[in-house]
There are 2 protein chains.
Amino acid sequence: MDQLPSMRLTTQRQIILEELAKVTSHPTANEVYDMVRKRLPRIGLGTVYRNLELMADSGVILKLEVGGTQKRFDATVYPHYHIRCSQCGKVDDINIPVQPNINDAAAVASSYEVIGHHIEFTGVCSDCQLHLKDPSLN
Amino acid sequence: MDQLPSMRLTTQRQIILEELAKVTSHPTANEVYDMVRKRLPRIGLGTVYRNLELMADSGVILKLEVGGTQKRFDATVYPHYHIRCSQCGKVDDINIPVQPNINDAAAVASSYEVIGHHIEFTGVCSDCQLHLKDPSLN
DNA sequence: TGGCAAATGATAAATCTTATTAGTTGGCAT
DNA sequence: ATGCCAACTAATAAGATTTATCATTTGCCA
């Protein structure tokens, strides 16, 4: 059997995970960096990227490759879907039942070995709905 | 009524669209650039980016913000889903029926004004399945 | 055909992510 | 407890992707 490389419990890694778990938003690497820097001012951005990537690979967190230019991260590993605001780019969880059977449909419809799926809704968040109705708020 | 800004039919724009329509893959901006350069060697990469963005905004083509680091483009505007190979990053269409009612479910489950959704499957394409079974092919 | 807004090509700059490297540290074996 | 060493970090550079700038060119309407 392959042995997974050991993953040490460094201060940086713990705090990155703690800060990510604190929020229900889906922060980008840079946003996590800002959050963590309040507790570890000398941490490097590369460390944040490296650890988010490592934790995503090991399944401790989720890496969301959603619309927009940046990757986002989520401490909620439980399967769920997301909705992204087309105006401000914010990403929220959306609590509708996971569709387990569409993976099978996809397997039938393609030559791929299907691993999973993700649904990303697009919409306008309540904040941006207000701002669109009353542009003076901007 | 708002008047849409006029969009001229330039040679570059036509050829970008023609080349994109030729393929069923979902090329990145750089891949489109390579395709177009065979016919217009002096075209600039910025022109390709600008036109893909403009055509996506006007609905002539689709901009896919799927997993991976780069945006991809698709001349098929008809609603459909995609599957992405986790090994090589390739994106293919997947022909399963569009789920029209889940937008409503999402609207109920959130405070967003829901515009639409996209399903992205993840899997291993047939080429990469072979390469995983027989690594000497790599 | 002339005028002009829109578009182009060339280039620079911005943004996001990954790689490199010398020094540091967590955790295991003594 | 202490020393060792692979894993890790911070700092920095580099790479990759995308957007902005601007002088020049071009499509299109009058």
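To find a chain, count down the sequence lines: A is the first, B the second, and so on, and within it residues start at 1. Keep in mind that this is a model prediction, so the values were computed, not measured.
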Novice: Once you round it to whole Å, what is the distance between C1' of C:dT25 and CZ of A:Arg13?
Specialist: 12 Å
Novice: Out of C:dC16, C:dT8, D:dT9, which nucleotide sits closest to the side chain of A:Thr69?
Specialist: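 When the side chain of A:Thr69 is considered, C:dC16 is the closest of C:dC16, C:dT8, D:dT9.
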Novice: Taking the side chain as C-beta and beyond, is there a heavy-atom pair between A:Arg37 and A:Asp34 under 4.5 Å?
Specialist: yes
Novice: Of the nucleotides D:dT18, C:dT17, D:dT9, which has the atom closest to the A:Gln70 side chain?
Specialist: C:dT17
Novice: Return the value, rounded to whole Å, for the distance between atom CG of A:Leu64 and atom P of C:dT17.
Specialist: 13 Å
Novice: OP1 or OP2 of D:dT19 sitting under 4.0 Å from any side-chain N/O of B:Tyr49?
Specialist: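 Checking B:Tyr49 against D:dT19: no side-chain N or O falls below 4.0 Å of OP1 or OP2.
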Novice: Once you round it to whole Å, what is the distance between P of D:dA6 and CE of A:Met7?
Specialist: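 It works out to 20 Å between those atoms.
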Novice: Would you indicate which nucleotide in C:dT17, C:dG9, D:dT19 comes nearest to any side-chain atom of A:Lys71?
Specialist: C:dT17
Novice: Please report the distance, rounded to the nearest Å, between CG in A:Leu45 and C1' in D:dA10.
Specialist: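 Nearest whole value for this atom pair: 11 Å.
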Novice: Would you mind reading off the distance between A:Ile16 atom CD1 and D:dT9 atom P, rounded to a whole angstrom?
Specialist: 7 Å
Novice: Nearest-nucleotide wise, let me know which of B:Leu9 and A:Ile43 is further upstream toward the 5' end of DNA chain D.
Specialist: A:Ile43
Novice: If you check every side-chain atom of A:Arg50, which of C:dT8, D:dC8, C:dA6 has the closest atom?
Specialist: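 Within the option list, the nearest is D:dC8.
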Novice: Is it true that a side-chain atom of A:Gln70 and a backbone atom of A:Ala29 form a donor plus acceptor pair closer than 3.5 Å?
Specialist: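 No; judged by distance alone, with no hydrogens or angles, the pair does not exist.
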Novice: When you check the phosphate oxygens OP1 and OP2 of D:dA11, does a side-chain N or O of A:Arg42 lie under 4.0 Å from one of them?
Specialist: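 Yes, such a contact exists.
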Novice: Could you check which of C:dC16, C:dG26, C:dT8 has an atom nearest any side-chain atom of B:Thr10?
Specialist: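 Among C:dC16, C:dG26, C:dT8, the one nearest the side chain of B:Thr10 is C:dT8.
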Novice: Any N or O donor-acceptor pair under 3.5 Å from the base of C:dA7 to the side chain of B:Arg8?
Specialist: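 Not at all, since no donor on one side and acceptor on the other fall under 3.5 Å apart.
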Novice: When we call it a touch if two heavy atoms are under 4.0 Å apart, what does B:Asn30 touch: a base, just sugar-phosphate, or nothing?
Specialist: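 Contact class for B:Asn30: none.
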Novice: Rounding to a whole Å, what distance do you find between B:Leu54:CG and D:dT19:P?
Specialist: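 Atom-to-atom, B:Leu54 to D:dT19, this comes out as 11 Å.
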Novice: State, with a plain yes or no, whether a side-chain heavy atom of B:His26 is found less than 4.5 Å away from one of B:Val66.
Specialist: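 Not touching, per the 4.5 Å side-chain cut-off.
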Novice: Between A:Glu65 (CD) and D:dT17 (P), how many Å, whole number?
Specialist: 14 Å
Novice: Do B:Arg39 and B:Glu18 have side-chain heavy atoms sitting under 4.5 Å apart?
Specialist: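 They are in side-chain contact.
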Novice: Do B:Ile16 and B:Ile43 touch side chain to side chain, with heavy atoms closer than 4.5 Å?
Specialist: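 Contact flag for B:Ile16/B:Ile43 side chains = yes.
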Novice: Which comes earlier along DNA chain C counting from the 5' end, the contact point of B:Gln12 or that of B:Gly46, where each point is its nearest nucleotide?
Specialist: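 Here B:Gln12 is the residue nearer the 5' end.
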Novice: Find the distance A:Gln14:CD to C:dT25:P and express it as a whole number of Å.
Specialist: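 Distance, rounded to whole Å: 15 Å.
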